[in-house]
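Structure first, then comments.
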Amino acid sequence: MTSNQTQTVISPSGQYWLMKSEPEAYSWQRLLSEGKTFWEGVRNYQARNNLKQMQVDDLALFYHSVSEKAVVGVCKVTQTAYPDPTDDTGKWVVVDVVPVETLAVPVTLATIKATEALAAIALVRQSRLSVVPLTLAEFELILSMGS
DNA sequence: GCCAACGTTGGC
DNA sequence: GCCAACGTTGGC
């Protein structure tokens, strides 16, 4: 590790994600205070497939949906997909994540939509998908907008 | 609170 | 296997 910045911005697998949560259901502040969580409750096949592709140390933006509509932090995958303990059917999975950093300035959906370079972002194009992939460029741009 | 988008379910 | 009905999500 040469610096904090390198640690934050680089995902060894080259994969980057954005994960959505309603702050009323599970907030960034709660993740900060708990230090770790498993990302439960995904009941959508496409989102599940994204979860299954995650590697340890993949980085993900944490997005507050509905009441806030802003990217608020960066988290990191510490455990790849395993069966969702809150699910009886055995069909669904979770991953473990830990918080990495809080954005100095939340990056709002309105700002993202107004940014030309983010026009293709899956957050906007597939607004109902709760776990979406990001390109490195999208990930880095949102991080820089939030710093 | 409304509505658009979209995923799921079930009848045929 | 199609498609109408329905439920859910999430932005506005």
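In what follows, chains carry the letters A, B, and so on, assigned in the order in which the sequence lines appear, proteins first and then strands, with residues in each chain numbered from 1.
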Between [N] atom [atom2] and [X] atom [atom1], what is the distance in whole Å?
| X | N | atom1 | atom2 | result |
| --- | --- | --- | --- | --- |
| A:Asn44 | B:dC6 | CG | C1' | 9 Å |
| A:Arg128 | B:dT8 | CZ | P | 9 Å |
| A:Leu129 | B:dT8 | CG | P | 11 Å |
| A:Ile112 | C:dG11 | CD1 | P | 10 Å |
| A:Asn50 | B:dG7 | CG | C1' | 15 Å |
| A:Gln46 | B:dA5 | CD | P | 17 Å |
| A:His64 | C:dG11 | NE2 | P | 13 Å |
| A:Gln126 | C:dG10 | CD | P | 12 Å |

Side-chain contact check for A:Lys20: nearest option of C:dG11, B:dT8, B:dG7 is C:dG11

Taking the six-membered ring for Trp, are A:Trp17 and A:Phe62 ring centroids under 6.0 Å apart? no

Identify whether any heavy atom of A:Leu109 sits under 4.0 Å from a base atom; if not, whether one sits that close to sugar-phosphate; answer base, sugar-phosphate or nothing. sugar-phosphate

For the backbone of [Y] and the side chain of [X], can you confirm whether one donor and one acceptor N or O come within less than 3.5 Å of each other?
| X | Y | answer |
| --- | --- | --- |
| A:Thr115 | A:Thr111 | yes |
| A:Ser21 | A:Tyr26 | yes |
| A:Asp87 | A:Trp92 | yes |

So, is A:Tyr63 near the phosphate of C:dT9, with a side-chain N or O under 4.0 Å from OP1 or OP2? no

Would you say a side-chain N or O of A:Lys91 is under 4.0 Å from OP1 or OP2 of B:dT8? no

